[in-house]
Amino acid sequence: FISILDACSGLAALAEGKETHARIIDSGLEMDAVVGNALVNMYGKCGSLDDARSTFNKLPQHNVVSWNAIIGAFA
């Protein structure tokens, strides 16, 4: 999923990113720190700040990577 989210970020492909997010939820990986950080990053790079913030807030713990992703989204 990480590679797909990275590709969506680079292409600003929000619709595909949201579709991937739905598959991540179905697979139960949404709370994984690496996947969650990739989602925050993808939403930020696609300009969907509400989704980035919502995903960030759902993460069970915030680390340096997640804080950098959310700060980068709003920069």
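G17 approaches C8 most closely through the heavy-atom pair N-SG, 3.6 Å. M42 and S9 make their closest contact through CA-OG, 3.0 Å (heavy atoms, listed as atom of the first residue, atom of the second, distance). Among all heavy-atom pairs drawn from V35 and I2, the shortest one is CA-CD1, 3.8 Å. The minimum heavy-atom distance linking G44 with A73 is given by the pair CA-CB, 3.6 Å.
Note on L14 and L49: separate hydrophobic clusters, where clusters join Ile, Leu, Val, Met, Phe, Trp and Tyr whose side-chain heavy atoms are under 4.5 Å apart, directly or indirectly. Clustering ILVMFWY residues whenever any of their side-chain heavy atoms sit less than 4.5 angstrom apart, transitively, puts V40 in the very cluster that holds I71. By the rule that hydrophobic residues join a cluster once side-chain heavy atoms approach within less than 4.5 Å of another member, M31 and V34 end up as members of separate clusters.
Between L5 and N41 the shortest side-chain heavy-atom distance does not fall below 4.5 Å. When side chains are defined from C-beta on, F1 counts as touching S27, because their heavy atoms get closer than 4.5 Å. Under the 4.5 Å side-chain criterion, counting only non-hydrogen atoms from C-beta, L59 is in contact with N37. Under the 4.5 Å side-chain criterion, counting only non-hydrogen atoms from C-beta, H21 is in contact with T55.
Between R23 and D26 there is no salt bridge, since none of the side-chain N atoms of the basic residue sits less than 4.0 Å from a carboxylate O of the acidic one.
Expressed to the nearest 0.5 Å, how far CD of E30 lies from CD1 of I25 amounts to 4.0 Å.
By the 30° and 60° cut-offs, the orientation of the rings of H62 relative to F56 is parallel.
Between the side chains of N63 and S66, at least one donor N or O lies within less than 3.5 Å of an accepting N or O.
Scored by the salt bridge (charged side-chain N to carboxylate O under 4.0 Å, His left out) test, K18 finds D51 as partners (sequence neighbours excluded).
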